[in-house]
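Every chain is numbered from 1 and lettered A, B, ... according to where its sequence line falls, protein lines coming before strand lines. What you see below is based on every heavy atom in this structure, not just the backbone, and it leaves out hydrogens, waters and symmetry mates. Note that the coordinates shown come from a computational prediction; the quantities given were computed from them, not determined experimentally.
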Amino acid sequence: MSKILITSALPYINGIKHLGNLAGSQLPADVYARFQRARGNEVLAICATDEHGTPAELAAQAAGQDVRTYCDEQHRLQAEVGARFGLSWDWFGRSSSHQNAALTQHFSDVLEDQGFIEERVDRQLYSLADKRFLPDRYVEGICPVCGYPKARGDQCDNCGSLLDPLDLKEPYSVISGSRDLEVRDTRHLYLLQTKLAERIRAWVNTRQHWPTLARSIALKHLDEGLIDRGITRDLSWGVPVTRGGQPRTGMEGKVFYVWFDAPIEYIAATQEWADATGGDWRAWWRTDAGADQVRYVEFMGKDNVAFHSVSFPATILGSGEPWKTVDTLKAFNWLNWYGGKFSTSQGRGIFMDSALEILPADCWRWYLTSNSPEHSDSTFTFEQLVAAVNRDLADVLGNFVNRILKFCEGRFEGVVPAGGEPGPLEAKLCADVAGALADLTAQFEAIEVRKSAQALRALWVLGNEYLQEAAPWSAIKTDQVRAGVIVRTAVNLVGLYGRVSAPIIPFAAEAMRRAVGESSDMWPGVDISAELSRIPEGRALTTPPILFSKIEDTQVAAWSARFGAA
RNA sequence: GGGCCCGUAGCUCAAUGGUUAGAGCCGGCCGCUCAUAACGGUCUGGUUGUAGGUUCGAGUCCUACCGGGCCUACCA
């Protein structure tokens, strides 16, 4: 048994996430966690809301709430909808926790002790109307290069020039529209990534299990040269900047930049878990306390790779302390929406809460897994959703379960038939299942999401093939015992499916296990003959309702209209 | 501007430089009748974006072009 630490990118606090966020980090992380638990490994699956930063402040303001209240409420909503999707976190924390504040301040201290942090004075635009400094994307004005009137502070969308907010002509605040701005000096801490570059490169070169996407992004940044990053901001909502536990002189009222404290929350959330459960967080994160034996796997969208492959490692490695670093970095591409992107700010696409209003979680989990944006961007379409649900779940799996349980109910009074011995067809079935199961196991182990779904489906198909060939409806006319063997075998197959399907469709999997009285949710072994003899003769079965209802054309039409699919 | 990725059947996707480029869906045909008109079998379907090059051998490696996408760091 090994220890596996799993984290998924922290969902930002400003509202329920859309299906793209789910597909690209939280769902695959959960599938992997469930699989590894079933394998008997000790798993710790950690996630949390990322609560700091300007967008949170603005969202709270728009909602008419103070930011703490807003975050309390949004955290609860995200935790609830995640649970309804079957996301089986061991802990769903909050980057606003006191544990994260303490740990973030600790990293700041040790990084400064190691000579990797220094103070610098910047000149930044201050909005008198908003009473705040403006991050560069919250300033717009006339582009000094091409004259475009709505250039952002960091870049002009018209000519592509990279800009400094101070270069803009006639700048105004995006927050309030106010032009009452002035340039003020502001003091900030900088993380000296330039001094850590070679250490990071050496570390990246030791990472054997990174896909090319992650490695190439990391090496690209290293090749182009890291820049020293400002890690503090002029905001009120965040982790206060301190030195040695006291407010830092000259930086009172400032907080750490959200990208500095957010990854640290992976560790802090584990501390939150430990404080709540009595667990040992050091065994997962400190290599001097056993974490060198842990396999650490991170899940994220491709936009997060730079921060996880370079920035966060700079924090960890620069501390000089024995922290665990990521072994496998699994990155995903985008799930698009009818030509464009899902957009939180524009409310475009399908969000997790409304998704559950129209279909059960398992349908979404299956669709988003079998069509995962794993190796390239993929596009959500209702057409593909219908195909995934109706063909794979309803026809292939759901109907198999239903047809055999109904048959057992009608011909054997819902009791697992006794007597008889397996024959050649059962031997062939065992061999086929063994092969398919080995493939499925390998795909899950390799975190090949799409291929895992394909392999699982192949396993389901075997059930229908077996029934077709064994034809218990014919056998029962001449040989009651033989028909009993077939039914018993197929019922056992339902129990097996209830175990191996659980990582992707946990709710239906549990229903299958319950129907045949399978109490184990552990991964099957290699002796398939034994695995298909677990449901004892004479056991009374309970046929559950249809596992998956089919999607009707009228529903698709209604959903397309509701969600603006075109 | 710089960097990266992709282009394979009508659709979604596979193929350590090595048999005749494979699956699923869709479509055609046959079978079955336990089941959610579900299931099984079978067939059709390809100039692997274009043009060159390297090689005994290229979907795979190299060059150019065409087309699509992504990243480019204080928006999370």
Exercise. For A:Arg233, which contact category applies under a 4.0 Å heavy-atom criterion: base, sugar-phosphate, or nothing?
Worked result: base
Exercise. Take atom CD in A:Glu445; do more than 12 heavy atoms of anything else shown fall under 6.0 Å from it?
Worked result: yes
Exercise. In terms of side-chain heavy atoms of A:Ile546, which of B:A38, B:U36, B:A76 is nearest?
Worked result: B:U36
Seminar exercise, completed: Closest to the side chain of A:Val461, out of B:U12, B:A38, B:G40, is B:G40
Problem set entry | Pairwise P distance for B:G24 and B:G1, with rounding to whole Å | 45 Å
Exercise. Taking atom C1' in both B:C26 and B:C43, what distance in whole Å separates the two?
Worked result: 14 Å
Exercise. Within the structure shown, what part of the strands sits under 4.0 Å from A:Ala306 by heavy-atom distance: base, sugar-phosphate, or nothing?
Worked result: nothing
Exercise. Side chain of A:Asp50, base of B:A76: donor and acceptor closer than 3.5 Å?
Worked result: no
Exercise. How would you label the contact of A:Pro472 with the nucleic acid (heavy atoms, under 4.0 Å): base, sugar-phosphate, or nothing?
Worked result: nothing
Problem set entry | Sugar-phosphate, base or nothing in reach of A:Gly230, heavy atoms under 4.0 Å | nothing
Exercise. With respect to the side chain of A:Lys550, which nucleotide from B:C13, B:U36, B:A76 is positioned closest?
Worked result: B:U36
Exercise. Is it true that the side chains of A:Tyr126 and A:Asp185 contain a donor and an acceptor less than 3.5 Å apart?
Worked result: no
For this session: Can you figure out which of B:C39, B:A76, B:C34 approaches the side chain of A:Phe407 most closely?
Result: B:C34
Problem set entry | A:Arg120 atom CZ, over 12 foreign heavy atoms within 6.0 Å | yes
Problem set entry | Between B:C74 (P) and A:Arg120 (CZ): distance, integer Å | 16 Å
Exercise. Counting heavy atoms not belonging to A:Arg187, are there more than 12 under 6.0 Å from its CZ?
Worked result: no
Seminar exercise, completed: When both distances are under 3.5 Å in a Watson-Crick or G-U wobble arrangement, the nucleotide paired with B:C29 is B:G41
Exercise. Does NZ or CZ of A:Lys330 come closer than 6.0 Å to the centre of the six-membered ring of A:Phe332, within 45° of the ring's axis?
Worked result: yes
For this session: Sort out for me which residue in A:Leu166, A:Val174, A:Leu134 forms a side chain to side chain contact (heavy atoms under 4.5 Å, CB included) with A:Val139.
Result: A:Leu134
For this session: Would you classify A:Arg229 as touching base, sugar-phosphate or nothing, given that sugar-phosphate means primed atoms plus P, OP1 and OP2, and contacts are heavy atoms under 4.0 Å?
Result: base
Problem set entry | Identity of whatever pairs with B:C61 - Watson-Crick or G-U, under 3.5 angstrom | B:G53
Exercise. Closer than 4.0 Å, any side-chain N/O of A:Lys302 to the OP1 or OP2 of B:A76?
Worked result: no
Exercise. For the side chain of A:Gln454, counting heavy atoms from C-beta on, which of B:C13, B:G40, B:A14 is nearest?
Worked result: B:C13
Problem set entry | Candidates B:C13, B:A73, B:C75 - which lies nearest the side chain of A:Ile227 | B:A73
Problem set entry | Phosphate OP1/OP2 of B:C25: any A:Arg457 side-chain N/O under 4.0 Å | yes
Exercise. Reckon A:Leu226 touches a base, only the sugar-phosphate, or nothing at all at heavy-atom distances under 4.0 Å?
Worked result: base
Exercise. Between B:A35, B:G41, B:A76, which one does the side chain of A:Arg403 approach most closely?
Worked result: B:A35
Exercise. With a non-hydrogen cut-off below 4.0 angstrom, is A:Phe307 in contact with a base, only sugar-phosphate, or nothing?
Worked result: nothing
Exercise. Of all the nucleotides listed (B:A38, B:U12, B:C26), which has the minimum atom distance to the side chain of A:Asp395?
Worked result: B:A38
Exercise. Is B:G7 paired to anything, Watson-Crick or G-U wobble with both distances less than 3.5 Å, and if yes, which nucleotide?
Worked result: B:C66
For this session: Pick the P atom in B:G46 and in B:A9, then give their distance to the nearest Å.
Result: 10 Å
Problem set entry | Lys/Arg-Asp/Glu bridge criterion (N-O < 4.0 Å) met for A:Arg94, A:Glu51 | yes
Exercise. Which of the following nucleotides, B:G41, B:C39, B:A76, is nearest to the side chain of A:Glu465?
Worked result: B:G41
For this session: Look at all strands and tell whether A:Ser311 reaches a base, only sugar-phosphate, or nothing, counting heavy atoms closer than 4.0 Å.
Result: nothing
Problem set entry | Which nucleotide in B:U36, B:A76, B:C70 has an atom nearest any side-chain atom of A:Trp334 | B:C70
Exercise. Rounded to whole angstrom units, what separation is found between the CD1 atom of A:Ile486 and the P atom of B:U33?
Worked result: 14 Å
